[in-house]
Structures are given as structure tokens and as C-alpha cells.
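Contents: one structure, followed by commentary.
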Amino acid sequence: MARAFTPKVVTANDLMEGDVIYLTEDDRWSRTLSEAELITDEAHAQLRLLDAERQANIIVGAYLADAIAGENGPEPTHFREDFRRTGPSNYAHGKQETQTQPRS
């Protein structure tokens, strides 16, 4: 039996800077997960992923990540995605240094 579809966001890495980025509903790439389009339809999710993969001049490694609706937009459901949105963990810099939201 097939698993029920769970909400997703399209995520990738910025080709030039390497930052984690998310596809927004208005076809922009954002470095903020809360701005990402939360996709609740499996067919729409596949189309959005195809749209993202065609942007090889901007992004690399696009995929669908599980997410849930939060108070301020999508939030990760898996620790990997929570970890990715905070940036590298080898020392405090970038997103980790300026982040105001606690890691769950």
C-alpha cells in the first residue's frame, strides 16, 4: 500500500554560494524556510521539483523535503532539514551566529 503524501518544500543549494535555499510560491529562491511554498499535492510537488531542476544555472541538488505548516510558514519535520537551515556546524558563523530561532 502506498504511503499518503505529506507536505513538502523544494530545497536545493545555491550554485555560487552553497547556501541552502527554498523555492517560493512566486518562483523565487529564498534562504529562509518560512518563505518556502508548502506543497500539499503530490503532482504539484513533482512539477515544482521539475521546475527547480531546470534552473541548473542557479541551483544544485534540488529535492523535496518534508515540512509542516508552522505559525510563520513551513517548518522542517526531520532533523536533517532543521540542521541544513542553520548552516555549517563546525563553528559559529553565518546563520548560526545570527539565528534567533532555537533549534528543536
Side-chain angles (χ1 to χ4, degrees):
M1 180 180 221
R3 285 181 31 184
F5 182 79
T6 57
K8 312 273 189 232
V9 295
V10 177
T11 184
N13 289 90
D14 183 282
L15 180 63
M16 300 304 285
E17 296 179 21
D19 289 350
V20 174
I21 52 179
Y22 306 93
L23 189 59
T24 66
E25 194 169 351
D26 60 351
D27 295 321
R28 293 179 301 108
W29 288 101
S30 172
R31 286 171 169 72
T32 307
L33 176 58
S34 62
E35 294 181 8
E37 175 183 16
L38 185 62
I39 306 167
T40 57
D41 177 76
E42 187 171 9
H44 184 66
Q46 292 301 322
L47 289 174
R48 296 298 280 158
L49 181 59
L50 287 172
D51 290 342
E53 290 172 339
R54 289 188 197 114
Q55 299 181 43
N57 61 324
I58 299 171
I59 61 103
V60 63
Y63 67 94
L64 296 170
D66 290 335
I68 58 173
E71 286 184 26
N72 299 314
E75 294 181 6
T77 61
H78 193 275
F79 74 91
R80 178 180 192 267
E81 296 309 318
D82 189 36
F83 186 79
R84 282 183 76 237
R85 75 175 171 163
T86 61
S89 64
N90 53 349
Y91 56 91
H93 68 283
K95 290 181 187 179
Q96 287 186 344
E97 189 172 65
T98 61
Q99 186 163 354
T100 58
Q101 48 187 285
R103 292 182 68 179
S104 45

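Quick note: residue numbers are just sequence positions, from 1.
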If you measure from the Lys or Arg side-chain nitrogens to the Asp or Glu carboxylate oxygens, is any gap between K8 and E37 under 4.0 Å? no
Membership question, hydrophobic clusters at under 4.5 Å side-chain separation (ILVMFWY): are I21 and Y63 in the same one? no
Are V10 and L50 in one and the same hydrophobic cluster, where Ile, Leu, Val, Met, Phe, Trp and Tyr link if side-chain heavy atoms are under 4.5 Å apart? no
Taking R48 for its side chain and T24 for its backbone only, find out whether a donor-acceptor pair lies under 3.5 Å. yes
Is the side chain of T32 donor-acceptor paired with the backbone N or O of S34 at a distance under 3.5 Å, no angle test? no
Taking side chain as C-beta onward, heavy atoms only, is [X] less than 4.5 Å from [Y]?
X   : Y   : result
D82 : E75 : no
W29 : D14 : no
L38 : V9  : yes
R80 : R84 : yes
R85 : Y22 : yes

Could you check T11 against E81 for side chain to side chain contact (heavy atoms under 4.5 Å, CB included), going step by step and ending with a plain yes or no? CA-CA 9 Å; T11 184; E81 296 309 318; 4.1 Å; yes
Distance (rounded to the nearest 0.5 Å) between [X] [atom1] and [Y] [atom2]:
X   : Y   : atom1 : atom2 : result
N13 : I58 : CG    : CD1   : 14.0 Å
E42 : L64 : CD    : CG    : 9.5 Å
F5  : I39 : CZ    : CD1   : 7.0 Å

Which heavy atom in P74 sits nearest to a heavy atom in L33, and how many Å separate them? O-CG, 3.6 Å
Heavy-atom nearest pair, I59 first then A52, reads CD1-O, 3.4 Å
